[in-house]
> 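Shown below is the structure under consideration.
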Amino acid sequence: MTNETIIETTNLTKIYGRRKVVDSVNLSIKRGSIYGLIGRNGAGKTTILKMIAGTAAPSFGTVTLSSDENETYSLKRKSMGTLIEDPGLFYEMSAFDNLKMKAIALGCYDKNEINEILSLIGLSNTGKKKAGKFSLGMRQRLGIGLALVGNPKTLILDEPINGLDPQGIVEIRELLLKLNNEKGITILISSHILSELSRLVSHYGIIDHGCILEELTADELMNKCSTRLEIATDNPSLTAEVLKEKGYVNFEICENNRIRIYERLEEAASLNKLLVEKGIMVSHLAVNSTDVENYFLDITGKGGLKNA
């Protein structure tokens with residue numbers, strides 16, 4: 001993964017009637033990353049993906065694709081593979097014939113490339129079996145296969161694991177990791193299933209009511225969810241000064257007069273004693289941790305996200 005931005009949105013907005021579905025969204029997606037767009041159902045994820053993919057026009061704002069000046073805008077769009085909402089399969093056709101039809105439509109049919117995609121998505125042995133006879137997981141993999149026709153640099157996937165059984169979820173996760181690691185494909189994926197995305201993505205965008213609340217890397221998220229010492233005092237500013245005097249560096253002042261400390265947790269008792277000696281009233285002191293789901297619930301301020 002590089003620091004090059006392959007997709008960037010600026011004040012991306014979509015209005016239907018009087019309803020603002022997407023509100024001034026700014027995203028920055030790096031080449032080679034797996035970017036997870038996370039939010040409740042109805043938060044605006046699908047609409048954002050459609051505008052990035054070019055299947056919906058923004059009411060305001062822009063989508064900027066990779067900085068390769070040798071490519072036209074049309075070619076940059078063609079370098080995207082998309083699976084948004086229904087995969088659009090021909091259920092009376094085999095997996096091979098579904099991929100062949102897409103390749104012919106794009107003007108890039110090559111039998112060897114179709115067979116390579118079938119191998120990548122784990123459908124090489126389905127033969128003439130009709131797609132209508134596939135399991136939901138197999139149909140989702142075929143949908144991703146259709147998105148791969150034309151050798152795209154980027155995949156845009158809308159809730160690709162929604163409704164799958166545990167085995168199907170594992171298959172899709174392993175496939176996406178393989179495409180990212182072996183093919184270097186940048187993946188933009190939306191979901192509300194937090195536990196699965198946390199095993200997959202390198203970057204997060206948290207969305208609620210059409211607004212991006214936060215962008216952060218997987219490492220940054222893990223740091224925010226790490227174990228810490230939480231202290232509530234009657235004088236957080238003086239508490240912070242005492243912490244600095246004692247060599248504490250990794251801490252932050254939060255709301256409700258609370259301070260979170262991410263180091264030297266084993267010194268909680270002696271720190272409590274020190275604060276009392278300094279005339280600081282300690283009303284709360286505890287070692288806590290937050291799981292990924294609760295962090296997102298704290299950010300969005302409401303329920304609705306799912307931990308599968």
Side-chain angles (χ1 to χ4, degrees), residues 1-10 12 22 25-39 43-54 61-68 71 75-84 120-121 140-141 143-145 147-148 150-162 169-208 211-225 292 295-296 299 305:
M1 184 174 64
T2 69
N3 288 323
E4 179 192 357
T5 298
I6 192 170
I7 300 172
E8 185 172 24
T9 71
T10 304
L12 196 62
V22 176
V25 164
N26 298 304
L27 297 179
S28 180
I29 299 164
K30 305 299 182 183
R31 187 181 298 276
S33 66
I34 301 180
Y35 188 106
L37 191 60
I38 302 173
K45 302 187 300 296
T46 298
T47 304
I48 291 173
L49 297 189
K50 285 181 176 179
M51 288 190 285
I52 291 174
T62 59
V63 177
T64 303
L65 305 182
S66 68
S67 58
D68 188 343
E71 291 182 336
L75 283 174
K76 290 175 183 178
R77 285 287 188 202
K78 286 182 179 180
S79 70
M80 287 184 176
T82 63
L83 175 57
I84 299 177
L120 273 172
I121 62 177
Q140 283 296 92
R141 280 186 278 143
I144 294 172
L148 289 171
N151 195 29
K153 299 175 183 177
T154 306
L155 281 182
I156 299 177
L157 308 174
D158 183 29
E159 299 274 7
I161 57 178
N162 195 24
I169 290 174
V170 171
E171 290 173 357
I172 296 299
R173 184 208 313 152
E174 291 178 348
L175 171 58
L176 296 182
L177 287 171
K178 183 177 183 180
L179 292 172
N180 180 254
N181 293 332
E182 297 183 9
K183 294 287 187 177
I185 295 176
T186 304
I187 299 174
L188 172 57
I189 178 173
S190 75
S191 186
H192 61 279
I193 304 179
L194 304 177
S195 60
E196 277 307 312
L197 280 194
S198 66
R199 302 176 188 179
L200 181 66
V201 306
S202 59
H203 296 72
Y204 293 89
I206 307 171
I207 182 171
D208 192 50
C211 298
I212 292 294
L213 304 182
E214 188 174 16
E215 278 192 304
L216 69 171
T217 67
D219 288 342
E220 288 169 342
L221 175 60
M222 288 302 101
N223 287 337
K224 289 177 180 288
C225 294
V292 173
Y295 178 78
F296 283 101
I299 289 292
L305 294 174

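None of the values given here were measured: they were computed from a predicted structure.
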> Going through the checks in order, is the side-chain contact (heavy atoms from CB on, under 4.5 Å) test met by K30 and T5?
CA-CA 4 Å; K30 305 299 182 183; T5 298; 3.1 Å; yes
> Measure the CD-CD1 distance between E214 and I38 for me, rounded to the nearest 0.5 Å.
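Output value for this atom pair is 10.5 Å.
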> Taking side chain to side chain contact (heavy atoms under 4.5 Å, CB included) as the test, write out the residues that go with N26, two or more places apart.
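Only T10, N11 meet the side chain to side chain contact (heavy atoms under 4.5 Å, CB included) criterion with N26.
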> Taking S190 for the side chain and E159 for the main chain, is one N or O donor matched with an acceptor at less than 3.5 Å?
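Yes, S190 side chain to E159 backbone: donor-acceptor pair under 3.5 Å.
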> When you measure from the side chain of T186 to the backbone N and O of R31, does any donor-acceptor pair fall under 3.5 Å?
no
> So, does S202 use its side chain to make a donor-acceptor pair with the main chain of I34 at under 3.5 Å?
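Side chain of S202 to backbone of I34, a donor-acceptor pair under 3.5 Å: yes, one is there.
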> Begin from the C-alpha positions of L120 and K178 and carry the test side-chain contact (heavy atoms from CB on, under 4.5 Å) through to its verdict.
CA-CA 8 Å; L120 273 172; K178 183 177 183 180; 3.9 Å; yes
> With sequence neighbours left out, write down each residue that passes side chain to side chain contact (heavy atoms under 4.5 Å, CB included) with S198, or none if nothing qualifies.
Y204
> Between the side chain of K45 and the main-chain N/O of L37, is any donor-acceptor distance below 3.5 Å?
no
> Verify, without hydrogens or angle tests, whether D208 (side chain) and G39 (backbone) share a donor-acceptor contact under 3.5 angstrom.
no
> Using modelled atom types only, decide if a donor and an acceptor are shared between the side chain of Q140 and the backbone of I172 within a distance under 3.5 Å.
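Absent.
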> Against I187, only a single residue in I156, L157, L177, T154 fulfils side chain to side chain contact (heavy atoms under 4.5 Å, CB included); can you say which?
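Exactly one candidate clears the test, L157.
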